[in-house]
Amino acid sequence: MAHEIAYVRKEMQEQQPAPQKEGSAALWLRTNLFASPKDSFLSIIAIVFLIWAVPPVVEWLFINAAWTGTDRTACATIAQGGAQPDGWSGACWAFIGAKFDQIMFGRYPDPEMWRPILIGIVFTALLIPMLMPKAPHKGWNALALFIILPIFAFFILYGGVFGLPVVDTSDWGGLMVTLILSYFAIAVSLPLGIILALGRRSKMPVMRTLSIMFIEVVRGVPLITILFMASVMLPLFLPEGMTINKFLRAIVGVSLFISAYMAETIRGGLQAMPKGQFEGAASLGLGYWQTMRLVILPQAIKLVIPAIVNQFISIFKDTSLVSIIGMFDLLGIIKFNFTDSSWASPVTPITGLIFAGFVFFIFCFAMSRYSSFMERHLDTGHRS
């Protein structure tokens with residue numbers, strides 16, 4: 001018996017409801033906040049907490065805040081000797097506005113303020129294309145950012161050349177010091193950490209022993225000790241009449257400290273590499289350095305990008321410890337200005353600390369987001 005086989009539909013399919021948009025707000029809420037009874041309960045608790053906590057915070061930070069003023073009277077109540085009504089409480093952003101130049105540049109002279117601003121513009125102009133994966137001329141960009149810029153910045157910021165007056169590093173401070181210390185620590189720690197990690201895995205006993213000793217000794221003491229040794233103890237061992245700039249000593253101490261931790265991070269990536277990668281490189285006739293440069297290190301560094309950025313974020317925040325050796329970074333200069341009696345009020349310290357925390361958060365969050373971007377960009381081995 002023959003069966004009639006139809007390859008073309010004889011009847012129209014019944015109309016189906018329109019598909020729900022994947023990007024709709026309702027779908028996002030159902031997927032991320034109310035996917036199950038437990039998720040719904042926790043989401044409701046979190047929403048109630050935000051409704052309770054956010055309005056008073058916004059009111060204190062922005063609505064009741066004192067935005068303008070020339071002294072403490074703008075941020076103190078009448079009972080405290082100020083101009084605000086009794087019972088008032090709000091952020092003292094007038095204090096931040098009045099001290100903004102010091103917070104950014106420390107005691108750098110006002111007529112020479114264009115010099116750190118110029119360096120900041122040049123740094124930004126070189127950093128942006130360096131962070132763009134598809135930007136051309138990466139080699140020249142890296143040369144300008146990591147070799148030429150530090151030399152150029154030193155002569156511009158310190159002066160003594162091109163008719164520029166000398167501004168001693170003791171007058172540097174604020175966010176400028178935080179960024180300079182972080183920049184040098186990041187720029188030095190990654191290549192030095194790679195060398196130390198390779199040295200620790202080396203088959204040469206002397207190289208391996210020296211690398212292990214450096215890593216373990218530096219990791220075994222806190223950063224405060226390193227800074228104290230660089231600032232206080234090192235001058236005692238120098239010949240009479242010989243001095244090393246305190247700022248330079250801090251840069252070297254911070255860079256060496258983070259390099260030891262970076263070495264262990266890189267070593268973890270190297271140990272995660274399968275043996276077949278080394279054997280494959282050897283089968284192509286590649287030598288040790290060619291294998292490391294072309295095959296092993298690119299993959300190992302990609303594996304430990306989160307840990308590397310974590311170290312960068314950590315050292316960016318740890319630069320605040322330089323205040324113990326008489327240097328004023330962002331947090332240090334803000335705390336130093338708390339001693340200004342013309343701005344003494346109950347809300348001045350908390351406002352300054354909130355501002356410092358916000359600035360640190362902006363930079364750390366930016367590094368974290370860029371790390372996530374690079375992970376997605378380099379994750380070619382798992383794309384469908």
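The model shown is predicted, which means the values in this text are computed figures rather than measured ones.
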**Item:** Derivation of the side chain to side chain donor-acceptor pair (under 3.5 Å) call for Thr169 and Asn245
**Value:** CA-CA 8 Å; Thr169 54; Asn245 187 276; 3.0 Å; yes
**Message:** Is the distance between the ring centroids of Phe155 and Phe162 under 6.0 Å?
**Reply:** no
**Same apolar cluster: Val221 and Ile224, side chain cutoff 4.5 Å** = yes
**Side chain to side chain, Val177 and Phe247, heavy atoms closer than 4.5 Å** = yes
**Message:** Less than 4.5 Å apart, side chain to side chain, heavy atoms only: is that true for Ile258 and Gln311?
**Reply:** yes
**Item:** Under 3.5 Å: donor-acceptor pair, side chain of Thr124, backbone of Gly120
**Value:** yes
**Message:** If I compare all heavy atoms of Val188 with all of Ser259, which pair ends up nearest, and what's the gap?
**Reply:** O-OG, 4.1 Å
**Request:** Could you check if a side-chain atom of Ile103 sits within less than 4.5 angstrom of a side-chain atom of Phe328, using non-hydrogen atoms only?
**Result:** no
**Asked** Under 4.5 Å between any side-chain heavy atoms of Phe373 and Arg369, yes or no?
**Response** no
**Item:** Closest heavy-atom pair and its distance - Pro111, Trp114
**Value:** O-CD1, 3.4 Å
**Item:** Centroid-centroid under 6.0 Å between Phe312 and Phe316 rings
**Value:** no
**Item:** Heavy-atom side-chain proximity of Leu175 to Phe105 below 4.5 angstrom
**Value:** no
**Message:** Ring centres under 6.0 Å, that's the criterion: do Tyr183 and Phe123 meet it?
**Reply:** yes
**Item:** Lys/Arg-Asp/Glu bridge criterion (N-O < 4.0 Å) met for Glu375, Lys302
**Value:** no
**Prompt:** Short question: side chain of Arg200, backbone of Ser211 - any donor-acceptor pair under 3.5 Å?
**Reply:** no
**Prompt:** Counting N and O atoms only, with roles assigned by atom type, does the side chain of Arg107 sit under 3.5 Å from a partner on the main chain of Ser170, one being a donor and the other an acceptor?
**Reply:** yes
**Request:** Evaluate the side chain to side chain contact (heavy atoms under 4.5 Å, CB included) criterion for residues Cys364 and Lys317: first the C-alpha distance (whole Å), next the side-chain angles of each, then the deciding distance (0.1 Å), finally the verdict.
**Result:** CA-CA 8 Å; Cys364 294; Lys317 295 184 293 184; 3.9 Å; yes
**Asked** Between the side chain of Arg267 and the main-chain N/O of Ala197, is any donor-acceptor distance below 3.5 Å?
**Response** no
**Asked** Distance-only, no hydrogens or angles: does the Lys138 side chain make a donor-acceptor pair with backbone N or O of Met130 under 3.5 Å?
**Response** yes
**Prompt:** What's the spacing between Leu198 CG and Ile296 CD1 if we round to 0.5 Å?
**Reply:** 10.5 Å
**Residue pair Thr209 / Met213, side-chain heavy-atom distance below 4.5 Å** = yes
**Enclosure of Ile63 CD1 (heavy-atom neighbours >12, cutoff 6.0 Å)** = yes
**Request:** Considering non-hydrogen atoms only, spot the tightest contact between Leu126 and Asn141 and give its length.
**Result:** O-ND2, 3.1 Å
**Request:** Please report the closest heavy-atom contact between Ala272 and Leu303, naming both atoms and the distance.
**Result:** CB-CD1, 4.0 Å
**Item:** Heavy-atom closest pair, residues Ala91 and Thr351
**Value:** CA-OG1, 3.6 Å
**Message:** Checking the side chain of Gln290 only, and the main-chain atoms of Gly287 only, is there a donor and an acceptor separated by less than 3.5 Å?
**Reply:** yes
**Request:** May I ask whether Ile313 and Phe361 are part of the same hydrophobic cluster, defined by side-chain heavy atoms of I, L, V, M, F, W, Y residues being less than 4.5 angstrom apart, directly or through others?
**Result:** no
**Prompt:** Mind checking whether Phe336 and Leu331 have side chains closer than 4.5 Å, heavy atoms only?
**Reply:** no
**Item:** Nearest-0.5 Å distance that lies between atom CG in Leu294 and atom CD in Gln299
**Value:** 11.0 Å
**Verify same cluster id: Ile147, Ile195 (apolar side-chain graph, 4.5 Å)** = no
**Complete:** So CG of Leu181 and CG of Leu321: to nearest 0.5 Å the spacing works out to 11.0 Å
**Request:** Rounded to the nearest 0.5 Å, what's the gap from CD on Glu112 to CG on Leu164? Could you check?
**Result:** 6.5 Å
**Message:** Taking Tyr370 as the starting point, is it possible to reach Phe146 by hopping between hydrophobic residues whose side chains are less than 4.5 Å apart?
**Reply:** yes
**Request:** Mind checking the CD1-CE spacing from Ile117 to Met176? Nearest 0.5 Å is all I need.
**Result:** 11.0 Å
**Item:** Non-hydrogen atoms of Leu256 and Val218 that approach each other most closely
**Value:** O-CG1, 3.8 Å
**Complete:** Contacts satisfying side-chain hydrogen bond (donor to acceptor under 3.5 Å, both in side chains) that involve residues 246-256 (not counting sequence neighbours) are none
**Asked** Counting only N and O atoms by type, is there a donor-acceptor contact under 3.5 Å from the side chain of Trp88 to the main-chain atoms of Asn64?
**Response** yes
**Message:** Quick one, Lys99 and Met104 - any side-chain contact, counting heavy atoms below 4.5 Å?
**Reply:** no
**Asked** What's the spacing between Ile315 CD1 and Met262 CE if we round to 0.5 Å?
**Response** 9.0 Å
**Message:** Please tell me whether Ile324 and Phe338 are part of a single hydrophobic cluster in this structure, the criterion being side-chain heavy atoms less than 4.5 Å apart.
**Reply:** yes
**Residue pair Thr348, Ser345: steps toward the side chain to side chain donor-acceptor pair (under 3.5 Å) verdict** = CA-CA 5 Å; Thr348 298; Ser345 74; 2.5 Å; yes
